[in-house]
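What follows is one structure encoded as structure tokens, with my remarks underneath.
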Amino acid sequence: LIIASVLNIAFDLLFVIVFNMGIGGVAFATVLAQGIAFFLAVFYLNSTHVLIRIKLRKLIFDRAIFKKSVKIGLPTGLQHTFVALGMIAMIGIVSNFGTETIAAFTIAGRIDMFAAMPAMNFGLALSTFVGQNIGANKIHRVKSGLKFTLTVTGAISIFVSLIAWFFGNDIMRIFTDDPEVIAIGYEYLVIVSSFYIVFSSMFVTQGVLRGAGDTLIPMFITLLSLWVFRVPCSYFLSQYMGTKGIWLGIPIAWMFGFTSVFIYYHIGKWKSKNVINTKESLNINPQKEP
């Protein structure tokens, strides 16, 4: 990924400055860099992992695995689609308050996404951890993994929130010198960053469900968070509170999402959603002890 990022920057400069390809060159650079990263990943797997070597001549279509992949992957794909549509709706609300607000929302939103990356990556790592331990019939380790991840991401979230509170204006000045844009962006950062710990806890807990193969409920929670809470709250609150109302709609949705996923986690139905039947997996090779 580091190589892909460096190549992306290099290709951007090459296609835009040298070849004068404009925005199309930027898009082509991104696809090319990601393609190279893909082939590097395949080469790495084939060189280092005996069980995950990809050989085109030995690829066989497995209908059962395909069905499981669709069952797990489709809700997650729809979840990301809902998020994208929700962002479009938010931009529509923000656009009613002028170009300065749009600029502030765009800049602060990028900073916001950067701040959310640790929680998102820890959540993805936890998904792998959960899937591995459920497959190994060590479900008791899931709870300790969740506690550890919540502790780490919670500490990071508090640290990032403090940076946003005390240095938000300075961070905004990196991207613009417009005082109105800076003020609106800082207002966004102060309100939204105060709830980073809620977002990180929500995303991490969802990681447990995804790791267990229970992706349908997180999809519905995301759908309700965006279209029942975030977008409507941002719209109605903005009518009375201005831009502050827009930003408040974001943590309101996060709080609903975290509460819902936390309750569902404690109900425990995800424990029966494991993708691989443990007994079957232990009998794959009867020559060896499990």
Side-chain angles (χ1 to χ4, degrees), residues 34 37-38 41-42 45 49 51-56 58-88 116 119-146 149-150 199-230 253-254 256-285 290:
Q34 291 178 347
F38 166 72
V42 172
L45 285 173
H49 294 274
L51 295 177
I52 320 178
R53 286 180 179 171
I54 301 173
K55 296 182 180 179
L56 294 177
K58 293 187 177 181
L59 290 179
I60 299 174
F61 180 77
D62 190 306
R63 184 175 296 179
I65 293 177
F66 175 75
K67 286 182 178 179
K68 288 180 180 178
S69 298
V70 172
K71 185 178 179 180
I72 295 171
L74 187 59
T76 302
L78 290 174
Q79 182 176 346
H80 289 298
T81 301
F82 295 145
V83 171
L85 292 174
M87 285 302 300
I88 293 174
M120 296 173 70
N121 287 316
F122 272 101
L124 292 173
L126 182 62
S127 294
T128 304
F129 176 84
V130 169
Q132 179 185 9
N133 281 282
I134 290 179
N137 200 25
K138 296 180 180 179
I139 199 168
H140 62 279
R141 297 188 66 197
V142 173
K143 186 176 181 179
S144 61
L146 176 60
T149 310
L150 285 174
F199 170 82
S200 66
S201 300
M202 175 187 70
F203 204 92
V204 165
T205 309
Q206 283 184 341
V208 174
L209 306 184
R210 285 192 297 269
D214 193 351
T215 56
L216 189 62
I217 295 300
M219 181 197 74
F220 283 118
I221 290 174
T222 299
L223 177 62
L224 293 173
S225 297
L226 283 170
W227 295 102
V228 176
F229 288 88
R230 182 170 181 173
W254 287 349
F256 167 78
F258 170 67
T259 303
S260 301
V261 77
F262 190 74
I263 291 173
Y264 185 74
Y265 165 79
H266 279 283
I267 290 174
K269 287 188 176 181
W270 54 272
K271 296 178 183 179
S272 62
K273 298 285 186 177
N274 52 309
V275 180
I276 300 174
N277 186 296
T278 305
K279 293 181 180 178
E280 291 179 358
S281 67
L282 293 176
N283 293 322
I284 288 177
N285 189 350

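In what follows, every heavy atom counts, from backbone to side chain, and hydrogens, waters and symmetry copies are set aside.
- Shortest non-hydrogen contact noted between Lys269 and Tyr264 is CB-OH, 3.8 Å.
- Judged as a side-chain contact (heavy atoms from CB on, under 4.5 Å), and not counting sequence neighbours, the contacts of Phe229 are Ile252, Ala253, Phe256.
- For the atom pair CG (Asn133) and CZ (Arg141), the distance works out to 4.5 Å, reported to the nearest 0.5 Å.
- Between the OG atom in Ser260 and the CZ atom in Phe220 there is a gap of 13.0 Å [rounded to 0.5 Å].
- Note that CG of Leu209 is 10.0 Å distant from CG of Leu126, once rounded to the nearest 0.5 Å.
- Between Thr215 and Lys71, the closest heavy-atom pair is OG1-O, 3.8 Å.
- Rounding to the nearest 0.5 angstrom, the gap separating the CZ atom in Arg210 from the CZ atom in Phe203 is 4.5 Å.
- For the pairing with Ile221, the side chain to side chain contact (heavy atoms under 4.5 Å, CB included) check across Val261, Leu216, Leu226 returns one residue only, Val261.
- Under the rule for a side-chain hydrogen bond (donor to acceptor under 3.5 Å, both in side chains), the partners of Thr222 that lie at least two apart in sequence or sit in another chain are Gln79.
- With rounding to the nearest 0.5 angstrom, the NZ atom of Lys271 is 9.5 Å from the CD1 atom of Ile134.
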Take Leu124 and Thr128 through the test side-chain contact (heavy atoms from CB on, under 4.5 Å) and record every step on the way to the result. CA-CA 7 Å; Leu124 292 173; Thr128 304; over 6 Å; no

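- Distance check, rounded to the nearest 0.5 Å: CZ of Phe82 to CH2 of Trp227 gives 9.5 Å.
- Checked against ring pair (Phe, Tyr, Trp, His ring centres under 6.0 Å), Phe38 has no partners two or more places apart in sequence or in another chain.
- Between Ala119 and Val204 the shortest heavy-atom distance is O-CG2, 4.2 Å.
- For Ile263, the side-chain contact (heavy atoms from CB on, under 4.5 Å) partners at least two apart in sequence or on another chain are Thr259, Ile267.
- Residues passing the side-chain contact (heavy atoms from CB on, under 4.5 Å) test with Tyr265, sequence neighbours excluded: Lys143, Leu146, Thr205, Val208, Trp270.
- For Ala116, the side-chain contact (heavy atoms from CB on, under 4.5 Å) partners at least two apart in sequence or on another chain are Met120, Phe199.
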